[in-house]
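Have a look at the structure below before the remarks.
Every number for a ligand or one of its atoms is a count from 1 in the order of the listing. Excluded from the calculations below are hydrogen atoms, water molecules and symmetry mates; all remaining heavy atoms, backbone and side chain alike, are included. Because the structure is a prediction, the values reported are computed rather than measured.
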Amino acid sequence: MYKLDEFMAELERKNPAQPEFIQAAREVVASVIDVVNKTPKYLNNKILDRIVEPERVIQFKVEWEDDKHQIQVNRGYRVQFNSAIGPYKGGLRFNKNVTLGTLKFLGFEQIFKNSLTTLPMGGGKGGSDFDPTGKSDAEILRFCRSFMTELQKYIGPDTDVPAGDLGVGGREIGFMYGQYKRIRQENTGVLTGKGQTWGGSLIRPEATGYGALYFADEVLKYNKDTLKGKRAIVSGFGNVAWGAVTKAAFYGAKVVAISGPDGYILDEAGVSTPEKIAYMLELRASNKNIVAPYAEKFKGAKFVPGKKIWEVPCEIAFTAALQNELDGKDAEKLIKNGVKYVIEVSNMGCTPEAIEAFQAKKIPFAPGKAANAGGVAVSGLEMSQNAEHLKWKASEVDDKLKTIMKNIFDACVREGKQKNGYIDYVKGANIAGFKKVADAMCELGY
Ligand code: GLU
């Protein structure tokens, strides 16, 4: 029999200085431990001990030359966490705070998220402590080239298929895919999130944000409620936030705030016009990582420097920036201001204290590994299209995405419904994602 505190103490001892990984693991283990203890095959297979251990961790040196002809050195990683149900699949994150512990947390989350999509994808994650802020396109190109020169040794269309994440969008995927092709002479789907003329899937850029809104729509419908007319806030201003704002506008919800590392934008008229939504992409492409210019461009919008977006009263809060961006204090503010639903679109966007606060008030809380699975789901669909050398219509991809998000929602309800009727989406997502991977691991032997 497994005991949560004992198991976690040992995991912490083995993985010192990796608090994010420990946080992600504790959440999953706490959710599934009863199921494991009641299932002899999971116990006999030592399933928890095995699932928290990455199959492989690759660390490498990335040397590149900046525009001043100075040599720069960064660290590159790929965590190949679990391949029980398919090739490793998960993004690459370029951010100055990236450590092995960050990528282990993201890789671990990815295992269960990918399992939830119903597609055959294992879990992995990679990236670098390279900071894209303020870099020129030429510097980004040289970094990506050097990064892929090493990474290409460990990946392949049936082995490990990276994609984008924070700091890695279409431009970076292009530079990396170009280098992969140059070295390997292969036009395979080794990366997803590719450009539309060289193997990318329609809807992939929008997929994470769209998927989150499809999920939110299900949550609200389940509560006999509607997105129409709801006042919402979305943290971040990157690719994910952009997709979320676009689809929120489609459903008639009014997004009144977005944010960046410099503060937040309050736009009571709504961030929902095509011009404003398009401007989010421009802001991101500037490599400056700030939202302040939005308020200069659009009259009536206000920039609030240095403050967190969670002080803005709203009915629905979407996290779409970083892990642990919404903590216990932020949760209290949102609750005081009458938040009705919280949809985590960033990976582990809320701290355990925040989640506890929402759940204690019976506020529906959708965890990232369910709500943001649309991105990797369409990556999986991109892999299918690449494998059959075809490109599907946008409507075909979008319909499949919608079905996948509905399936994830149903799985969360099935596994997460409490006796009092409240849906614990965290537990539901963890148990549903876990069972499939654990069963596969039992069947595959050790
Ligand atoms: N980085 C995204 C995520 O967190 C997408 C990964 C992918 O498409 O492989 O799920």
(request) Identify the protein heavy atom lying closest to atom 5 (C) of ligand 1, giving its residue, its atom name and the separation to 0.1 Å. (result) R204 NH2, 3.5 Å
(message) Counting only nitrogen or oxygen atoms and a 3.5 angstrom limit, does N372 reach ligand 1?
(response) no
(request) List every atom of ligand 1 that sits less than 4.0 Å from any heavy atom of D165, numbering the atoms from 1 in the order shown and giving each element. (result) 1 (N), 2 (C), 4 (O)
(request) Classify the contact between N347 and ligand 1 as side chain, backbone, both or neither, using a heavy-atom distance cut-off of under 4.0 Å. (result) side chain
(request) May I ask whether M121 places a heavy atom under 4.0 Å from ligand 1? (result) no
For residues 246-255, tabulate all N or O donor-acceptor pairs below 3.5 Å that involve a side-chain atom, not counting sequence neighbours.
unit_1 : atom_1 : unit_2 : atom_2 : d
T246   : OG1    : W242   : O      : 2.6
K247   : NZ     : Y214   : OH     : 3.3
K254   : NZ     : E268   : O      : 2.9

(request) Look up atom CG in D217 and atom CE in M405, then write down how far apart they are to the nearest 0.5 Å. (result) 11.0 Å
(message) Can you name the atoms of ligand 1, numbered from 1 with element, that are less than 4.0 Å from a heavy atom of A163?
(response) 7 (C), 8 (O), 9 (O)
(request) Say whether E109 and ligand 1 are in contact under the criterion: heavy-atom distance to a ligand atom below 4.0 Å. (result) no
(message) Would you call the rings of F358 and F365 parallel, tilted or perpendicular, taking 30° and 60° as the class edges?
(response) parallel
(request) For K113 and ligand 1, answer yes if some heavy atom of the residue is under 4.0 Å from a ligand atom, otherwise no. (result) yes
(request) Inspect the contact between D225 and K340 and indicate whether a charged nitrogen and a carboxylate oxygen are less than 4.0 angstrom apart. (result) no
(request) Note the single closest protein heavy atom to atom 9 (O) of ligand 1, along with its residue, its atom name and the distance in Å. (result) K89 NZ, 2.7 Å
(request) State the atoms of ligand 1, each with its element, that fall below the 4.0 Å cut-off from a heavy-atom position in Q110. (result) 3 (C), 4 (O), 6 (C), 10 (O)
(request) Using a strict 4.0 Å cut-off to heavy atoms of K125, name the atoms of ligand 1 that fall inside it. (result) 1 (N), 3 (C), 4 (O)
(message) Any carboxylate oxygen within less than 4.0 angstrom of a Lys/Arg side-chain nitrogen, looking at R414 and D410?
(response) no
(request) Please verify whether a non-hydrogen atom of G164 lies at under 4.0 Å from ligand 1. (result) yes
(request) Run the salt-bridge test on K153 and E150 with the 4.0 Å N-O cut-off and return the result as yes or no. (result) yes
(message) Does K181 qualify as a cation-pi partner of W198, given the criterion of NZ or CZ under 6.0 Å from the six-membered ring centre and within 45 degrees of its axis?
(response) no
(request) Check the angle between the aromatic planes of Y425 and F409 and answer parallel, tilted or perpendicular using the 30° and 60° thresholds. (result) tilted
(message) D160 vs Q80, test: side chain to side chain donor-acceptor pair (under 3.5 Å). Steps then yes/no.
(response) CA-CA 8 Å; D160 183 354; Q80 298 182 329; 2.8 Å; yes
(message) What protein heavy atom lies closest to atom 6 (C) of ligand 1? Include the residue and the distance to one decimal.
(response) G91 N, 3.6 Å
(message) How far is atom 8 (O) of ligand 1 from the closest protein heavy atom, and which atom is that?
(response) S379 OG, 2.5 Å
